[in-house]
There are 2 protein chains.
Amino acid sequence: MTNEETQGRPSRPTLNAPHIAQMALALIDAEGLDAFSMRKLGAALEVDPMAVYHYFPNKAALFDAIVEAIYTQIDTSVAVAAEWDEAVATYMHAMRNAMRAHPHALSLVATRPVNTAPVLVLVEVLVARLTRAGAAPTEALAMVNCFGTFTIGHLLADVGAPVGGPEGPPPDATILDASAIPTLAAAMAAGWVFDPDAQFDLGLRAMIAGFGAHYGLRDPN
Amino acid sequence: MTNEETQGRPSRPTLNAPHIAQMALALIDAEGLDAFSMRKLGAALEVDPMAVYHYFPNKAALFDAIVEAIYTQIDTSVAVAAEWDEAVATYMHAMRNAMRAHPHALSLVATRPVNTAPVLVLVEVLVARLTRAGAAPTEALAMVNCFGTFTIGHLLADVGAPVGGPEGPPPDATILDASAIPTLAAAMAAGWVFDPDAQFDLGLRAMIAGFGAHYGLRDPN
DNA sequence: ACCTGAACACCGTTCAAGT
DNA sequence: ACCTGAACACCGTTCAAGT
């Protein structure tokens, strides 16, 4: 007999680690990382704040679980079909899309390494694809690392929530004259619009092409 | 008559924004971002914790000042002489070196944009160099953005302090069998050693070369 | 095993006040 | 203008206790 059956109202499901992590991520998505607290998490779970400490030793361990939850949301099936360089690009776009859904958790993803089995399997998929294009395993691993850090770094600058509180207005309306930054001024005059998606794709493909040339990668025929 | 002259002992210099930011950065470098607090900053400055609020509206604004302080420590004079691709590589290595000195502040650098004049001038240097190699201003700006986000993303994963508390041990000794990750296992067997500096240089030069080919960049002769 | 609740040692920031 | 100090509404985590 479960709790729901003995009592009339299904007040809450039994606690477990993945569910706690999901709830924590939902709170962070909704309110931001700074507004998140173990006490609010307890309230959202309709449980004493200390109850979560039975499943996670501390807040940091909970954050690790959140990062893994985000990684495992990546759909890696996209990286199979196409040419090697297209496969890499598609894979990294999939990773970017999964992470883009959680701007307030990006700083966690960027700084909390995860070496759990599910994430390693995720890495394996792309590394294996690169070796099939002619890279040595160690070379493939280095490339994947560079693709990943670029993706996360770009995403952080694009939509990442500022660590340490919301950003305020620029510290004074320092009107700087265009003569000090002529090239930047020229870019503005040329109608520069910041298109993060296009820019990411551009940078990603530049790196892919550069690696491809460096290592002589190509698909076997 | 300064405070030092009227009293026998020069207990502390007068407060000012840059000095406060430097002290805050020193505390963050020494103890970490989580251990940093406005109260400890006040203590380090030998002043009431609330005194800093006369120079910064809140902690977030202080963090912005810290990020700018780190950016302005970059030595941009290195980007002048060589070929365009060498100039870019040298510039980005200089940026990386400046940021590498502050692992606990990297998450701030990665997520708190700075648009103050000194930083824009920093950007101008590299953007201008790229236009001299044949890039349009808007293209140069996009490239610099990609170089920067890769550099910061790679650095975060390399030495960045975890946001949200120190990382604990992996959640259980999940011995995953090598058959699930054969390529990763092969890389380990091949004596893979993680060399962040070499890997960064490799990825950076791949991106530089890829962009160079894409835009047909070359130095004028 | 799983959850509670009080307690400890902290936080950032407000506000009114001092000089 | 520059700094103080009390007060408010919070934190994460410990510990002993309940079931």
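Quick caveat: nothing in here was measured; it's all calculated off a predicted structure. Below, chain A is the first sequence line, B the second, and so on; all start at residue 1.
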If I take atom [atom1] in residue [X] and atom [atom2] in nucleotide [N], what distance separates them, rounded to the nearest angstrom?
X: D48(A); N: dG12(D); atom1: CG; atom2: P; answer: 13 Å
X: Y55(B); N: dG12(C); atom1: OH; atom2: P; answer: 19 Å
X: E31(B); N: dC10(C); atom1: CD; atom2: P; answer: 13 Å
X: Y53(A); N: dA16(D); atom1: OH; atom2: P; answer: 17 Å
X: L45(B); N: dC3(D); atom1: CG; atom2: P; answer: 10 Å
X: L41(A); N: dC3(C); atom1: CG; atom2: C1'; answer: 14 Å
X: E46(B); N: dT4(D); atom1: CD; atom2: C1'; answer: 16 Å

Choosing from [options], which nucleotide comes nearest the side chain of [X]?
X: K40(A); options: dC11(D), dC3(D), dT13(C); answer: dC11(D)
X: N58(A); options: dC3(C), dC3(D), dT13(D); answer: dT13(D)
X: V47(A); options: dG12(C), dT4(D), dT4(C); answer: dT4(C)

Counting Watson-Crick and G-U wobble pairs only, both distances under 3.5 Å, name the nucleotide matched with dA6(C), or none.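 dT14(D) - that is the nucleotide pairing with dA6(C), both distances being under 3.5 Å.
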
Of R39(B) and M50(A), the one whose closest DNA chain D nucleotide lies more 5':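 Its nearest nucleotide being more 5', the pick is R39(B).
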
Between the main-chain N or O of H93(A) and the side-chain N or O of N97(A), is there a donor-acceptor pair closer than 3.5 Å?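 Judged by distance alone, yes, a pair lies under 3.5 Å.
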
Determine, stepwise, if the pair F147(A) / Y91(A) fulfils ring-ring contact (aromatic ring centres under 6.0 Å, His included). CA-CA 10 Å; F147(A) 296 143; Y91(A) 182 105; 9.5 Å; no

Give M38(B) one of three labels, base, sugar-phosphate or nothing, depending on what nucleic acid heavy atoms sit under 4.0 Å from its own.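 It contacts sugar-phosphate atoms only.
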
Atom P, compared across dA9(D) and dA9(C): separation rounded to whole Å: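 Pairwise P distance, dA9(D) against dA9(C), rounds to 22 Å.
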
Looking at V47(B), I66(B), L25(B), V52(B), which hits side-chain contact (heavy atoms from CB on, under 4.5 Å) with I20(B)?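 Of the listed options, the one satisfying the test is V52(B).
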
Pi-cation contact, F200(B) with R96(B) (under 6.0 Å, within 45°):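 Verdict for F200(B): a cation-pi partner in R96(B).
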
Pairwise 5' ranking along DNA chain C for K59(B) and H54(A), keeping only the more 5' one: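 So the residue in question is H54(A).
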
Any chance the side chains of H104(B) and D29(B) put a donor and an acceptor closer than 3.5 Å?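 Side chains of H104(B) and D29(B): no pair found under 3.5 Å.
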
